[in-house]
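Predicted, not measured: the structure shown is a model, and the values here were computed from it.
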Amino acid sequence: MRRTVFNEDHEAFRETIRDFIEAEVVPVYDEWFAAGQAPRDFYYKLGELGIFGISVPEEFGGAGMDTYKFEAILYEETARAGVQFGGSGVHVLLALPYLKMLATDEQKKRYLPKFATGEEMWAIAMTEPGTGSDLAGMKTTAKLSEDGSHYVLNGAKTFITGGVHADKVIVCARTDAPTAEDRRHGISLFAVDTKSEGYSVGRKLDKLGLKTSDTAELAFVDVKVPVEDLLGEENKGFSYLGHNLASERWGIAFGAYAQAKAAVRFAKQYVQERTVFGKPVAHFQNTKFELAACQAEVDAAEAVADRATEALDAGELTPAEAASAKLFCTEVAHRVIDRCLQLHGGYGYMNEYPIARLYADNRVNRIYGGTSEIMKSIIAKDMGL
């Protein structure tokens, strides 16, 4: 089936990204994998390539394109090559929408030019050790000083992607206590400078997958945050978080579909080259049937991912639709990647093969951004159940 989601400009961008990956990422990716993160200077290269500035308004040094389709191509091309761009996805997909939506003109002038160049990398800190998906239960606090010039931030966050290299972090914290009627009340968002006194990066977490993406624990001990770095209004943070969950879940859905598509590519190439019992593995009926079934699932996931992309660009992707896309695409990826690894036999369990890394990377898709169980709850509620 012919895809209609991308035009000639998108495909030209795809070729640029594919060439960049082959020249700048593939030759050194094993080093990144062993180190557990991409080097900080790699993000400057992404900035020079213009990747960080695609959706940044022109007056702040970006291209001013209000679309997620270029981000979609990045998902497809990195998955195709079996690589990742470190923790940079959070910089664009998660942090930027908050800055565009909430930052004042003065804040945008301070934040966005360095955002676009990669001079300042951003992360977002929501999850805490004891809260998980229950963001309303967060304990990190930000108390306004007596003179009203700054907030005093105290608390801890965990599972913060991009947390090691981040120069700025959007931190969610309580500025007021929850009420009996609304336990979500009292959360605010702050742009926190990671060089601030009292701010510290704890462990770089040793994850099952996503090895080149730096994920960390953060701690705040009497960190002073100028009032000028409050994003949006006090105590309305939870509604802001909910506003951008659709784009976050779209990203996970599209990324999962791209991983499934790449898995079929890796498996097809492997079974055509691998010989057993005197013939290529691809010649056996079971191999053909397995790959055919996987391809059918990938085709369906592609249609769902493309439809969600169009809806997101049009500003029409609802929370339930985003949840449905995430649930479907991540479950498809889980099944497809597992079957494609099986076709690799013992070599599929070796990290030198991209299918093994893909298997580990994919597992978190059904957890972060809201678990599959949370997605089902959202969909059921939208159904009136």
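- Put simply, the side chain of Leu49 reaches to within 4.5 Å of the side chain of Ile17, judged on heavy atoms.
- Distance check: Ile124 CD1 to Leu189 CG gives 6.5 Å after rounding to the nearest 0.5 Å.
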Mind running side-chain contact (heavy atoms from CB on, under 4.5 Å) on Cys172 and Lys157 for me, showing each step along the way?
CA-CA 9 Å; Cys172 310; Lys157 300 289 182 177; 4.2 Å; yes
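- No donor-acceptor distance shorter than 3.5 angstrom exists from the side chain of Thr161 to the backbone of Thr215, with no hydrogens or angles considered.
- Of the N and O atoms on the side chains of Thr141 and Asn154, not one donor lies less than 3.5 Å from an acceptor on the other residue.
- Atom NZ of Lys268 is surrounded by 12 or fewer heavy atoms from other residues, nucleotides or ligands within 6.0 Å.
- Trp250 and Tyr68 get closest at one heavy-atom pair: CH2-O, 3.5 Å.
- A salt bridge links Asp306 with Arg3: at least one charged nitrogen is closer than 4.0 Å to a carboxylate oxygen.
- Using a 4.0 Å cut-off between charged side-chain N and carboxylate O, Asp193 and Lys195 make a salt bridge.
- Asp206 and Lys211 are joined by a salt bridge, as a carboxylate oxygen and a charged side-chain nitrogen come within less than 4.0 angstrom of each other.
- For Asn7, the CG atom is densely surrounded, since the number of other residues' heavy atoms within 6.0 Å is greater than 12.
- The two residues Cys329 and Ala256 make their nearest non-hydrogen contact at O-CB, 3.7 Å.
- For the residue pair Glu76/Tyr257, the side-chain donor-acceptor check at 3.5 Å is satisfied.
- The side-chain heavy atoms of Arg363 and Asp361, taken from C-beta on, include no pair separated by under 4.5 Å.
- Heavy-atom neighbours of Glu8 CD from other residues, nucleotides or ligands within 6.0 Å: at or below the threshold of 12.
- Identified under the salt bridge (charged side-chain N to carboxylate O under 4.0 Å, His left out) test for residues 32-60, with sequence neighbours left out: Glu24-Lys45, Arg40-Asp167.
- By the 4.5 Å side-chain criterion applied to Ile, Leu, Val, Met, Phe, Trp and Tyr, Phe159 is assigned to a cluster that also includes Leu205.
- Under 3.5 Å, the side chains of Gln84 and Thr78 contain no donor-acceptor pair of N or O atoms.
- Within 6.0 Å of atom NZ in Lys143, 12 or fewer heavy atoms from other residues, nucleotides or ligands are found, so the atom counts as exposed in its surroundings.
- Counting non-hydrogen atoms of other residues, nucleotides and ligands closer than 6.0 Å to CZ of Phe85 gives a total above 12.
- With salt bridges taken as basic N to acidic carboxylate O contacts below 4.0 Å, none links Lys139 and Glu128.
- Closest non-hydrogen pair, Asn244 versus Pro97, comes out as OD1-CB, 3.7 Å.
- Criterion: ILVMFWY side-chain heavy atoms under 4.5 Å apart, direct or through other members. Under it, Ile187 and Tyr151 are not part of a common hydrophobic cluster.
- Scanning both residues, Val201 and Gly163, for their nearest heavy atoms gives CG2-O, 3.8 Å.
- For His10, the NE2 atom sits in a packed shell: over 12 heavy atoms of surrounding residues, nucleotides or ligands are nearer than 6.0 Å.
- Residues Val192 and Lys168 have side chains not in contact (no heavy-atom distance under 4.5 Å, counting atoms from C-beta outward).
- Taking both residues in full, the closest heavy atoms of Lys204 and Gly36 are given as NZ-O, 3.5 Å, listed atom of the first, atom of the second, then distance.
- The aromatic rings of His165 and Tyr43 sit perpendicular to each other, their planes meeting at more than 60°, with 30° as the lower class boundary.
- At a threshold of 4.5 Å between non-hydrogen side-chain atoms, the residues Ser372 and Arg366 count as touching.
- Ring geometry, Phe115 versus His91: the interplanar angle falls under 30°, so the pair is classed parallel (tilted spans 30 to 60°).
- A salt bridge links Asp30 with Arg357: at least one charged nitrogen is closer than 4.0 Å to a carboxylate oxygen.
- Electrostatic pairing of Arg307 and Glu321 does not count as a salt bridge here, judged by no charged N lying under 4.0 Å from a carboxylate O.
- When the side chains of ILVMFWY residues are joined at heavy-atom separations under 4.5 Å, either directly or via intervening members, Phe190 and Leu144 end up in a single hydrophobic cluster.
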Determine whether Gln107 and Leu231 satisfy the following criterion, side-chain contact (heavy atoms from CB on, under 4.5 Å), listing intermediate values before the conclusion.
CA-CA 9 Å; Gln107 288 174 326; Leu231 290 173; 3.9 Å; yes
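- Taking a cutoff of 4.0 Å between a charged side-chain nitrogen and a carboxylate oxygen, Glu106 and Lys109 do not qualify as a salt bridge.
- Between the side chains of His334 and Asn362, no donor-acceptor pair of N or O atoms lies under 3.5 Å.
- The shortest heavy-atom contact between Ala38 and Trp32 is CB-CE3, 3.8 Å.
- Classification of the Phe13-Phe70 ring pair by plane angle, with boundaries at 30° and 60°, yields perpendicular.
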In sequence, state the C-alpha distance, the side-chain angles, and the governing distance for Tyr368 and Thr127, and then conclude on side-chain contact (heavy atoms from CB on, under 4.5 Å).
CA-CA 10 Å; Tyr368 67 180; Thr127 306; over 6 Å; no
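- Under a 3.5 Å cut-off, the side chain of Lys224 and the backbone N or O of Gly198 do not form any donor-acceptor pair.
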Step by step, work out the side-chain contact (heavy atoms from CB on, under 4.5 Å) result for Phe52 and Met121.
CA-CA 10 Å; Phe52 294 153; Met121 295 298 297; 3.7 Å; yes
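- With a 6.0 Å radius and a threshold of 12 heavy atoms from other residues, nucleotides or ligands, Arg14 has its CZ atom above the threshold.
- Note that CG of Leu99 and CZ of Phe60 are 11.0 Å apart. Values are rounded to the nearest 0.5 Å.
- Classification of Glu297 and Arg335 as a salt-bridged pair holds, one side-chain N sitting under 4.0 Å from a carboxylate O.
- A donor and an acceptor atom, one from each side chain of Asp229 and Tyr111, are located under 3.5 Å apart.
- At least one side-chain heavy atom of Met375 sits less than 4.5 Å from a side-chain heavy atom of Arg249.
- Asp299 and Gln295 form a side-chain donor-acceptor contact under 3.5 Å, judged by distance and modelled atom types alone.
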For a ring pair (Phe, Tyr, Trp, His ring centres under 6.0 Å) check, start with the C-alpha distance between Phe238 and His185, then their side-chain angles and the critical distance, and finish with the verdict.
CA-CA 7 Å; Phe238 200 93; His185 169 77; over 10 Å; no
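- Taking 4.5 Å as the limit, every side-chain heavy atom of Glu248 sits out of range of all side-chain heavy atoms of Leu93.
- From Ile51, atom CD1 reaches atom CD1 of Ile54 across 6.5 Å, with rounding to the nearest 0.5 Å.
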